[in-house]
Amino acid sequence: MKVHDNRIVNTASTIVDTYGLLNTSLEASRLLRHQFESVFLSLLIGLGIISKVQINVHSIRVTLNQRQEHLVMNNEEKLKFIKQHIGAYPDFPKKGILFRDIFGALTNEQCCQYLKALLLHNIHEKYPNVELIVGLESRGFLFNLMLASELGIGCAAIRKKGKLPGDCLSMEYSLEYGVDIFEMQKSAVKPGQKVLIIDDLLATGGSLEAAYKLVHKAGGDVVGCLVIMEMTFLEGRKKLPQIKVHSLIEY
């Protein structure tokens with residue numbers, strides 16, 4: 001690289017660093033910083049001042065900086081970022097209901113990383129002795145395998161009636177508009193095994209209560225329930241007085 005090219009790149013980095021310092025506590029500032037840097041470097045390529053090879057090397061540095069920034073963010077900032085990306089849909093699936101959609105957040109790669117980090121942090125802190133993670137149909141499946149693989153333990157599934165093969169245990173639970181049945185394979189949980197139940201949402205508490213009863217029926221020891229979102233006004237926790245329940249986000 002020529003000397004004047006070095007000066008230009010250093011100047012670009014200084015501009016970008018100064019721009020990022022405007023409000024480094026906000027994730028939005030970090031995103032704008034990287035967008036600004038990308039546009040500025042593209043301009044330098046277009047003018048023939050620096051080459052694409054030099055840009056590729058610089059991109060590696062940018063990626064490393066982004067990862068470092070993600071590590072620096074505290075849990076409160078990560079939760080705030082995730083919450084901003086959770087979708088809200090009024091009158092779904094029925095008039096008068098405000099539906100909170102976790103899938104809106106999961107389309108964002110940073111939300112996925114932050115959510116994974118927060119879930120693991122809470123498990124290490126609150127459920128350090130867990131031996132099996134049970135996910136509830138269907139959004140619980142998004143998390144149980146991911147977390148189990150990180151922790152080096154197994155995972156199991158609780159599904160609606162008729163979805164699992166072999167000998168199954170079943171448990172009926174109440175819905176707002178009727179009843180449903182959960183099932184779990186008898187071989188999924190070993191007697192005395194310490195189990196953590198995970199799902200995306202705690203609303204009325206019926207499904208988590210049924211899951212707890214299923215695991216208990218199989219001989220497992222439920223150490224707690226971990227959910228992403230909790231609708232506190234529905235008071236679902238009252239159905240789970242015997243379980244340590246933790247939610248990342250409360251509405």
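Just so it is clear, the values below take in all heavy atoms, side chains as well, and ignore hydrogens, waters and symmetry mates. Note that the structure is a prediction, hence the values are computed from the model and not measured.
Asn108 places a side-chain N or O within donor-acceptor distance of the main-chain N or O of Cys111, the cut-off being under 3.5 Å. Side-chain atoms of Glu77 come within 3.5 Å of backbone N or O of Asn74 as a donor-acceptor pair. Of the possible polar contacts, one joining the Thr232 side chain to the Tyr251 backbone as a donor-acceptor pair under 3.5 Å is found. The backbone N or O of Pro165 sits less than 3.5 Å from a side-chain atom of Gln185, completing a donor-acceptor pair. A side-chain donor-acceptor contact under 3.5 Å links Arg237 to the backbone of Val245.
A side chain to side chain contact (heavy atoms under 4.5 Å, CB included) with Leu147 is found for exactly one of Leu196, Leu120, Val130, namely Leu120. Applying side chain to side chain contact (heavy atoms under 4.5 Å, CB included) to Arg139 and the options Asp200, Ile228, Leu201, Val227 leaves one that passes, Asp200.
Note on residues 212-228: pairs passing salt bridge (charged side-chain N to carboxylate O under 4.0 Å, His left out), not counting sequence neighbours, are Lys194-Asp221, Glu209-Lys213. Here salt bridge (charged side-chain N to carboxylate O under 4.0 Å, His left out) pairs that include residues 180-189, with residues two or more places apart or in two chains, are Lys160-Asp180. Note on residues 147-159: pairs passing salt bridge (charged side-chain N to carboxylate O under 4.0 Å, His left out), not counting sequence neighbours, are Lys116-Glu150, Glu137-Arg159.
Two residues are said to be in side-chain contact when any heavy atoms from C-beta on lie closer than 4.5 Å; Met231 and Thr204 fail this criterion. At least one side-chain heavy atom of Leu118 sits under 4.5 Å from a side-chain heavy atom of Ile82. Using a 4.5 Å heavy-atom threshold, the side chains of Ile181 and Met171 count as separate.
Legend: residues meeting ring-ring contact (aromatic ring centres under 6.0 Å, His included) with Tyr89, ordered by chain and number and at least two apart, are absent. Listed by chain and residue number, nothing satisfies the side-chain hydrogen bond (donor to acceptor under 3.5 Å, both in side chains) test with Lys190 (two or more places apart in sequence, or in another chain). Applying the salt bridge (Lys or Arg N to Asp or Glu O under 4.0 Å) criterion to Glu235, with sequence neighbours excluded, gives Lys238. The side-chain hydrogen bond (donor to acceptor under 3.5 Å, both in side chains) test applied to Glu250 returns no partner, not counting sequence neighbours. Remark: Tyr127 pairs with no residue by the ring-ring contact (aromatic ring centres under 6.0 Å, His included) rule, at least two apart or across chains. Under the ring-ring contact (aromatic ring centres under 6.0 Å, His included) criterion, His85 pairs with Phe81, not counting sequence neighbours. Take Lys126 and apply the salt bridge (Lys or Arg N to Asp or Glu O under 4.0 Å) test, not counting sequence neighbours, and it matches no residue. Partners of Phe99 under the ring-ring contact (aromatic ring centres under 6.0 Å, His included) rule, at least two apart in sequence or in another chain, are Phe92. For Lys244, there are no salt bridge (Lys or Arg N to Asp or Glu O under 4.0 Å) partners two or more places apart in sequence or in a different chain.
Of all the heavy atoms in Leu136 and Ser207, the pair that sits closest is CD2-O, 3.8 Å. Across all non-hydrogen atoms, the minimal contact from Lys78 to Ala117 is NZ-CB, 4.1 Å. Taking every heavy atom of both residues into account, Gly220 and Val189 meet most closely at CA-CG1, 3.6 Å. Nearest heavy-atom pair, Ala88 versus Arg100, reported as atom, atom and distance to 0.1 Å: CB-NH1, 3.8 Å. Here the closest heavy-atom approach between residue Ala157 and residue Met184 is recorded as O-CG, 3.8 Å. Closest heavy-atom contact between Ala211 and Phe182: N-CD1, 4.4 Å.
A continuous path of Ile, Leu, Val, Met, Phe, Trp and Tyr side chains, each step under 4.5 Å between heavy atoms, connects Leu106 with Leu119, placing both in one hydrophobic cluster. The same ILVMFWY cluster, assembled from side-chain heavy atoms under 4.5 Å apart, contains both Leu169 and Tyr212. In terms of hydrophobic clustering, with Ile, Leu, Val, Met, Phe, Trp and Tyr side chains grouped at heavy-atom distances under 4.5 Å, Leu234 and Leu226 are assigned to a common cluster.
Rounding to the nearest 0.5 Å gives a distance of 11.0 Å between CG of Leu79 and CD of Gln84. Note: Ile158 CD1 to Ser170 OG = 11.5 Å, rounded to the nearest 0.5 Å. Ile243 contributes atom CD1, which lies 6.0 Å from atom CD1 of Ile197 (distance to the nearest 0.5 angstrom). Rounding to the nearest 0.5 Å gives a distance of 8.5 Å between CD1 of Ile86 and CG of Leu115. Taken to the nearest 0.5 Å, the CG atom of Leu208 stands 5.0 Å off from the SG atom of Cys225. To the nearest 0.5 Å, the span separating CG on Leu214 from OH on Tyr173 amounts to 10.0 Å.
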| request: For the pair Ile123 and Leu151, evaluate side-chain contact (heavy atoms from CB on, under 4.5 Å) and give the outcome as yes or no after the intermediate values. | output: CA-CA 9 Å; Ile123 291 173; Leu151 296 167; 3.8 Å; yes
| request: Check the pair Leu202 / Ser247 against side-chain contact (heavy atoms from CB on, under 4.5 Å), numbers first and verdict last. | output: CA-CA 8 Å; Leu202 170 58; Ser247 56; 5.9 Å; no
| request: Could you go through the side-chain contact (heavy atoms from CB on, under 4.5 Å) check for Asn144 and Val134 one step at a time? | output: CA-CA 6 Å; Asn144 66 334; Val134 171; over 6 Å; no
| said: Using the rule given for side-chain contact (heavy atoms from CB on, under 4.5 Å), can you reason through Ile133 versus Val195, listing the C-alpha separation, both sets of side-chain angles and the distance that settles it, and then say yes or no? | reply: CA-CA 6 Å; Ile133 298 183; Val195 177; over 6 Å; no
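By the 6.0 Å contact criterion, CD on Glu76 is open, its count of non-hydrogen atoms from other residues, nucleotides or ligands being 12 or less.
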